[in-house]
K.L.:
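Pasting a structure here, questions to come.
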There are 2 protein chains.
Amino acid sequence: MLSQTVEYALRAAVYLANQAPQARTTEQIAEVTKVPQAYLSKVMQNLAKAGIVRSQRGIHGGFLLARSSAELTILEVVNAVDPVQRIQTCPLGIAAHGSNLCPLHRRLDLALAAVENAFGKTTLADVLSEPTRSVPLCGMTIPAGAACIPLDLASPAPGNAT
Amino acid sequence: MLSQTVEYALRAAVYLANQAPQARTTEQIAEVTKVPQAYLSKVMQNLAKAGIVRSQRGIHGGFLLARSSAELTILEVVNAVDPVQRIQTCPLGIAAHGSNLCPLHRRLDLALAAVENAFGKTTLADVLSEPTRSVPLCGMTIPAGAACIPLDLASPAPGNAT
DNA sequence: CGATTAAAGGACAATCTTGTCCTTTTTTGG
DNA sequence: CCAAAAAAGGACAAGATTGTCCTTTAATCG
């Protein structure tokens with residue numbers, strides 16, 4: 001239900017939030033978040049256009065959050081790449097009589113509204129500071145026992161980095 | 001966020017719920033719900049495989065709800081054609097350590113759970129009996145003022161029907 | 001039985017999403 | 001100024017979703 005692109009954008013955003021205020025290259029982000037690099041590049045462009053991140057070319061360039069992680073919500077990230085589309089009018093043919101949805105579509109829209117609301121209330125900082133032992137973005141090879149590892153431990157391949 | 005196929009399946013299901021216990025042909029359903037007929041045919045096949053509707057070939061055949069509209073939830077319809085995919089494991093690479101999601105994916109899954117829950121609680125009967133003047137499935141040419149018309153008024157083109 | 005009706009199913013086309021590759025532009029450091 | 005680094009952007013390929021068309025199978029009625 002959430003697109004692949006949304007998933008990727010969120011991974012990147014959370015990673016950048018964790019690494020703030022430092023810039024990270026597409027290559028670095030791709031490696032840690034396990035997103036296909038060339039595709040991630042496009043996703044990052046969208047995040048940049050939407051003002052979520054700022055991009056910087058050249059040496060020591062990369063991407064960094066445009067605003068504080070406490071001000072950036074998951075919803076903004078989602079909407080930057082694949083907007084949550086609320087149902088404005090009954091989707092059958094004509095019907096654009098304001099916000100007068102039929103029961104079916106009102107229910108559907110209510111669910112979308114709930115998602116929108118939950119996402120809008122959650123900032124990237126919230127995600128990072130969640131009171132739990134598992135930390136955002138998981139899945140790397142780890143000591144077995146912990147399900148996730150902190151992002152800042154997930155350094156982009158020791159040795160070949162800058 | 002909800003696929004086109006889900007939208008179509010729900011329209012058809014609500015229509016059949018309204019018309020129960022009578023069978024309706026793909027042609028009739030397609031006309032009222034404004035779904036491309038040939039595609040609807042595939043969608044109905046999925047609903048039939050999932051036991052949501054029963055199909056009947058030949059003269060006086062068509063589709064009808066397999067169970068009472070009070071027992072069929074929106075969720076079942078959705079899951080029959082395009083399942084709500086909860087996040088079971090952190091989607092990064094390996095990581096299948098049970099249900100130990102990182103904060104990001106826990107949040108996302110929570111939103112999915114809310115949708116699943118809302119859909120699971122809503123039966124087709126609920127949708128039909130909503131206390132409102134607008135009635136499920138709308139969008140036909142109407143007296144202007146009402147945003148929707150009852151399904152049973154939306155007869156499949158008077159004149160060329162059976 | 002035979003004609004008609006309608007779903008089932010296969011093949012295929014159009015479109016959108018996702019993913020890859022390569023060139024161009026900008027920035028920085030020496 | 002020059003070389004290297006890194007984003008921007010274009011072109012294109014693979015895959016999934018959506019949509020169309022036609023043939024086959026099953027059911028009903030006369």
Side-chain angles (χ1 to χ4, degrees), chain A residues 1-12 16 19 22-66 78 80-83 85 91 156 160-162, chain B residues 1-12 16 19 22-66 78 80-83 85 91 156 160-162:
Chain A
M1 260 189 40
L2 299 170
S3 73
Q4 199 62 30
T5 304
V6 160
E7 166 73 27
Y8 292 165
L10 285 172
R11 285 188 207 171
L16 286 184
Q19 303 287 302
Q22 287 160 40
R24 288 290 176 254
T25 68
T26 304
E27 192 184 356
Q28 289 174 318
I29 303 170
E31 180 157 9
V32 173
T33 62
K34 304 255 202 267
V35 175
Q37 176 173 338
Y39 189 63
L40 177 62
S41 168
K42 311 289 186 186
V43 175
M44 296 311 296
Q45 279 179 48
N46 286 330
L47 290 181
K49 274 177 207 155
I52 309 284
V53 302
R54 269 179 302 152
S55 69
Q56 174 70 16
R57 294 187 182 189
I59 293 176
H60 300 144
F63 295 92
L64 52 93
L65 283 198
V78 170
V81 296
D82 188 6
Q85 299 222 21
N160 55 9
T162 309
Chain B
M1 261 191 37
L2 299 172
S3 73
Q4 198 62 30
T5 303
V6 160
E7 166 74 25
Y8 292 165
L10 285 172
R11 284 188 208 171
L16 286 184
Q19 301 286 304
Q22 288 161 40
R24 288 290 177 253
T25 67
T26 304
E27 191 185 356
Q28 289 174 318
I29 303 169
E31 179 157 10
V32 173
T33 62
K34 304 255 203 262
V35 174
Q37 177 174 336
Y39 189 63
L40 177 63
S41 169
K42 312 287 188 188
V43 176
M44 297 311 295
Q45 279 178 48
N46 286 331
L47 291 182
K49 275 178 206 153
I52 308 285
V53 302
R54 271 181 299 154
S55 68
Q56 173 69 17
R57 294 187 183 190
I59 292 176
H60 299 144
F63 295 91
L64 53 93
L65 283 198
V78 170
V81 296
D82 189 5
Q85 300 221 22
N160 55 10
T162 308

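Each chain gets a letter, A, B and so on, in the order its sequence line appears, and its residues count up from 1.
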K.L.:
Go through the structure and list residues passing side-chain hydrogen bond (donor to acceptor under 3.5 Å, both in side chains) with Q4(A), not counting sequence neighbours.
P.N.:
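Once residues adjacent in sequence are excluded, the partners of Q4(A) under the side-chain hydrogen bond (donor to acceptor under 3.5 Å, both in side chains) criterion are Y8(A).
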K.L.:
Got a sec, which residues hit side-chain hydrogen bond (donor to acceptor under 3.5 Å, both in side chains) with Q37(A), two or more places apart in sequence or on another chain?
P.N.:
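Q37(A) satisfies side-chain hydrogen bond (donor to acceptor under 3.5 Å, both in side chains) with no residue once adjacent residues are dropped.
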K.L.:
Under the side-chain hydrogen bond (donor to acceptor under 3.5 Å, both in side chains) rule, collect the residues that match up with Q85(B), sequence neighbours excluded.
P.N.:
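With sequence neighbours excluded, Q85(B) shows a side-chain hydrogen bond (donor to acceptor under 3.5 Å, both in side chains) to no residue whatsoever.
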K.L.:
Who passes side chain to side chain contact (heavy atoms under 4.5 Å, CB included) against L64(B), sequence neighbours left out?
P.N.:
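Once residues adjacent in sequence are excluded, the partners of L64(B) under the side chain to side chain contact (heavy atoms under 4.5 Å, CB included) criterion are A23(B), R54(B).
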K.L.:
Could you list, one pair per line, each protein nitrogen or oxygen that sits under 3.5 Å from a nitrogen or oxygen of nucleotides 28-30 of chain D, together with the distance?
P.N.:
| unit_1 | atom_1 | unit_2 | atom_2 | d |
| --- | --- | --- | --- | --- |
| dT28(D) | OP1 | Q56(B) | NE2 | 2.9 |

K.L.:
Could you work out which one of dG19(D), dG19(C), dA7(D) sits closest to the side chain of Y8(B)?
P.N.:
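The closest nucleotide is dG19(D).
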K.L.:
Considering only heavy atoms, which members of residues 35-47 of chain A lie under 4.0 Å from some atom of DNA chain C?
P.N.:
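P36(A), A38(A), Y39(A), K42(A), in order of number.
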K.L.:
For A50(A), which residues count as a side chain to side chain contact (heavy atoms under 4.5 Å, CB included) partner, sequence neighbours excluded?
P.N.:
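Only I52(A), A80(A) meet the side chain to side chain contact (heavy atoms under 4.5 Å, CB included) criterion with A50(A).
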K.L.:
Between R11(B) (CZ) and dT18(D) (P), how many Å, whole number?
P.N.:
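Spelled out: CZ on R11(B) to P on dT18(D) is 13 Å.
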K.L.:
So what's the dot-bracket for DNA chain D: Watson-Crick or G-U pairs under 3.5 Å, [ ] if a pair crosses, | if it pairs off-strand?
P.N.:
||||||||||||||||||||||||||||||
K.L.:
Nearest to the side chain of T26(A) - dT18(D), dA7(D), dA7(C)?
P.N.:
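For T26(A), the side-chain atoms sit closest to dA7(D).
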K.L.:
Identify, with sequence neighbours excluded, every residue that meets side chain to side chain contact (heavy atoms under 4.5 Å, CB included) alongside R57(A).
P.N.:
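Residues passing side chain to side chain contact (heavy atoms under 4.5 Å, CB included) with R57(A): none at all.
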K.L.:
For T5(B), give me all partners under side-chain hydrogen bond (donor to acceptor under 3.5 Å, both in side chains), at least two apart in sequence or on another chain.
P.N.:
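With neighbours one apart ignored, the set is Y39(B).
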